[in-house]
Structure formats: structure tokens, C-alpha cells
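Convention: sequence-line order gives letters A, B, ...; per-chain numbering from 1.
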Protein chains: 2
Amino acid sequence: MSIDPPGFELPLRLFLGFRVLIDDLHAELARQGHPHSRPMHGFVLQAIGVEGTTAVDLGRTLGVSKQAAGKTIDTLERLGYVERARDARDTRRKIVRLTPAGVDLLTRSARIFDDLRARWAEVIGPERLRELEADLRRVTPADVFRLDVPGWFGAS
Amino acid sequence: MSIDPPGFELPLRLFLGFRVLIDDLHAELARQGHPHSRPMHGFVLQAIGVEGTTAVDLGRTLGVSKQAAGKTIDTLERLGYVERARDARDTRRKIVRLTPAGVDLLTRSARIFDDLRARWAEVIGPERLRELEADLRRVTPADVFRLDVPGWFGAS
DNA sequence: CTTAATAGTGAACCAGGTTGTCTATCGTGT
DNA sequence: ACACGATAGACAACCTGGTTCACTATTAAG
């Protein structure tokens with residue numbers, strides 16, 4: 001490689017760590033009956049939450065337009081992970097709620113993430129893993145959503 | 001948040017760490033005369049390397065089709081970071097090479113990444129940072145390119 | 001009660017990925 | 001020597017998912 005400073009490895013390793021976790025998660029989710037689940041879905045379902053939300057709010061949470069949020073909801077609805085219901089108080093709004101399949105996906109994801117974390121603890125040791133998480137917490141912002149990964153990384 | 005296991009934080013922190021580094025890099029690059037540089041560009045320029053490459057090879061390196069690589073090269077060419085030259089040995093091939101602007105972008109990125117890493121070292125301590133990198137190396141694959149981030153995270 | 005703000009939707013557009021097709025050129029085997 | 005398969009690049013069509021603009025329906029406020 002031409003230009004390979006020490007600082008160049010750090011972002012790569014962080015991303016690869018993220019990616020390997022997400023890939024392992026979805027391989028396991030596919031085995032557990034969610035073959036069509038995509039990386040974005042879990043995050044969106046998490047952002048929707050058990051309380052439900054609306055397209056506008058979801059867009060705000062994820063940092064995308066309400067139209068983009070609406071399209072994502074369409075996809076999740078088609079996959080059976082969410083459903084839309086009219087709000088009696090405000091007939092403009094449509095509440096987006098998790099279906100049992102959506103809750104199942106979130107529940108399994110949670111357990112699988114715990115398992116993957118345990119595997120990391122076996123490799124690098126539980127203490128080092130706790131330190132790694134603590135260190136990352138100190139150098140990253142608190143705001144957890146607003147990933148807006150698709151688009152953000154784009155080359156345009 | 002509804003479902004918030006310990007294992008759920010780890011991938012988020014990894015991604016946020018990656019993202020905060022990349023965002024800071026591009027904020028600084030914009031200040032240093034590269035306002036149109038996007039996250040993907042640095043990785044692609046790195047993959048092209050000072051030796052140059054072809055669309056087919058670049059596609060192989062990045063894990064995308066040769067057509068997609070060609071489109072990315074079009075963009076970088078339009079921005080003035082690479083240029084295409086005919087290969088005298090094989091007139092089918094077009095060698096993609098970094099322009100001085102492309103080399104400048106890579107050089108500055110390298111220095112800025114080093115600076116950002118130094119800032120992390122100030123926050124969490126140099127020893128902890130080395131441990132963090134060593135630990136990540138043990139849980140991530142060696143293959144550094146093939147990010148194929150756009151698309152991989154998609155919600156389709 | 002008029003008017004401004006908000007929720008959702010559709011259309012047009014853009015970026016960037018895919019596959020399929022096509023031409024030009026290279027390289028090899030007979 | 002030459003035919004033929006493999007390769008490089010480009011073009012088109014299509015898909016996804018993002019954007020903005022425009023529009024309707026409904027709520028909230030002056």
C-alpha cells in the first residue's frame with residue numbers, strides 16, 4: 001500500500017469490527033427464520049420501538065426525510081415487520097407499530113448480539129472488552145441513532 | 001429504548017467511532033482545500049494506489065462490478081483526483097492514475113488520521129489506544145478493502 | 001373562521017449498485 | 001497463420017433508496 005500511516009488503520013478496524021458483528025448477526029438471523037432481514041432493518045425497528053412512531057418522527061430520529069422514512073416503512077411493512085394504524089386523536093397521523101414478527105426480530109437480535117459479544121470476550125478477555133467499550137464511549141457522541149449510513153458514505 | 005442488551009451497544013460504538021473519525025477527517029479536508037471529498041473517495045484512491053490500476057482490477061479490489069468501479073472512476077476523474085491513460089502494451093486497458101490532487105488528498109488524509117489518532121490517545125491514553133487496536137485486530141479479518149459499504153447496509 | 005403548520009403521499013430526479021450486451025483487442029492452440 | 005475464447009471497457013436498462021417539490025387532508029392557533 002502506498003500511504004499507510006498508523007492512523008489509517010484505526011478507522012478501518014472500527015468499521016471492520018462493526019461489519020463483522022453485523023454480518024454474523026444476519027447469518028444467524030437467517031438461520032433463525034429471518035432470511036430477508038437486512039442490516040438497516042434492525043436499526044429502524046429499534047428506532048420505531050415498542051411504542052410505535054410516525055413517518056415524520058422516524059425520519060427525524062434517523063436523520064432522513066419523511067419521504068425516505070415512508071419508503072423504509074413500506075419495505076418493512078411488506079416484509080411483515082411493521083404495520084400502520086390510523087391515529088384516532090389525529091387522523092392525519094398513521095402510527096407505525098412493530099408486528100409480532102418485528103418484535104421477534106428485535107428479541108433474537110438482542111440475544112445474538114449478546115452471544116457475539118461473549119465470543120469477543122473469549123477472544124480478547126472480558127476485562128479488555130469492557131475497557132474497549134468504555135474507551136469507545138469516551139470518544140463517540142452519545143446520540144446513537146442518526147446513522148444515515150446509506151448515502152452518508154456515498155461517493156457522489 | 002425497548003430492547004437494549006449489553007451486546008447491542010458494541011456494534012453501535014464501533015460504527016460511531018468509525019463515523020466520527022471519518023466525519024472529522026472530511027471536515028478538516030474541506031478546510032484544507034478538498035471540500036468535495038467524500039468518505040468513499042479516500043478508500044478508492046487508496047485502492048488505486050500510486051501504481052495505478054484498471055477498472056476491472058479496482059472492481060475486484062473493492063468487491064464491486066467493473067461497471068460500478070468505472071462509474072466511481074468517472075466521478076473521481078470529474079473531480080480531478082484521477083486520470084485515465086491508454087496502456088501502450090494493451091490498448092484495451094486504460095490505466096487509472098492519481099493526479100497530483102489525488103496524491104495530495106491521500107497525503108493530507110494520512111496526516112489528519114494521525115492527528116485524530118493522537119487526539120484519541122490524549123483522551124483514553126496511548127496504552128489503551130494501542131490495546132484497543134490490538135484487540136480489534138484479533139476480532140476482525142485481515143482483508144482491509146472490500147468495504148462495499150454502499151449497498152451492503154441497504155434496507156432492500 | 002381564516003390561516004399557518006403538520007402528516008402523509010406521489011412524482012421527478014439523482015447516485016450508485018446490479019446484470020446483460022456489445023465492440024475491440026489480446027492470447028492461445030491447432 | 002489464424003480462428004476462437006477470454007478480457008477490458010463502455011452503454012443501456014433496471015433496482016433501491018435517497019433527495020426536493022408539490023399537493024391534499026387535517027389540526028392548531030390568532
Nearest-angstrom distance from the residue atom NE2 of B/His36 to C1' of C/dA15
17 Å
Tell me whether the rings of A/Phe8 and B/Phe113 are parallel (<30°), tilted (30 to 60°) or perpendicular (>60°).
perpendicular
Would you please confirm or rule out a distance under 4.0 Å between OP1 or OP2 of D/dA10 and any side-chain N or O of B/Lys71?
no
On the nucleotide C/dC26, are OP1 or OP2 found under 4.0 Å from the side-chain N or O atoms that B/Thr91 carries?
yes
Distance check needed: C/dG17 P versus B/Arg38 CZ, whole Å only.
12 Å
So, A/Thr72 side chain and A/Ala68 main chain: donor-acceptor pair closer than 3.5 Å or not?
yes
Counting only heavy atoms from other residues, nucleotides and ligands, does the tally under 6.0 Å from CZ of A/Arg97 exceed 12?
no
Nearest-nucleotide check on DNA chain D, A/Arg92 vs A/Ala68; residue mapping nearer the 5' end is A/Ala68
So if I take every side-chain heavy atom of A/Arg93 and compare against D/dA8, C/dA7, C/dT9, which nucleotide ends up nearest?
C/dA7
Atom-to-atom span, CG of B/Asp74 to C1' of D/dA12 - whole angstrom:
15 Å
Please give, in whole Å, the distance from D/dG18 C1' to A/Leu62 CG?
13 Å
It should be established whether B/Ser65 places a side-chain nitrogen or oxygen under 4.0 Å from OP1 or OP2 of nucleotide C/dT19.
no
Between D/dT24 (P) and A/Lys94 (NZ): distance, integer Å
17 Å
Atom-to-atom span, CE of A/Met40 to P of C/dG17 - whole angstrom
18 Å
Quick one: is A/Lys66 getting a side-chain N or O under 4.0 Å of the D/dT19 phosphate, OP1 or OP2?
no
From CG of B/Asp87 over to C1' of D/dT7, roughly how many Å is that when rounded to an integer?
13 Å
Regarding A/Arg84, tell me which of base, sugar-phosphate or nothing describes its non-hydrogen contacts under 4.0 Å with the strands shown.
sugar-phosphate
Between B/Glu127 and B/Arg130, is a salt bridge (charged side-chain N to carboxylate O under 4.0 Å, His left out) present by the stated rule, with each step listed?
CA-CA 5 Å; B/Glu127 181 54 32; B/Arg130 274 192 296 274; 3.1 Å; yes
With nearest nucleotides of DNA chain C determined for B/Gln67 and A/Ile95 from heavy-atom distances, which residue corresponds to the more 5′ nucleotide?
A/Ile95
May I ask you to evaluate whether A/Thr72 reaches the phosphate of D/dT16, defined as a side-chain N or O under 4.0 Å from OP1 or OP2?
no
Check: B/His36 ring centre within less than 6.0 Å of B/Tyr81 ring centre
no
Within less than 4.0 Å of OP1 or OP2 of C/dA7, is there a side-chain N or O belonging to A/Arg89?
no
For B/Ala55 and A/Ala69, take the nucleotide of DNA chain D holding the closest heavy atom to each; which residue's nucleotide lies nearer the 5' end?
B/Ala55
Spacing between B/Asp90 atom CG and D/dT7 atom C1', to the nearest angstrom:
8 Å
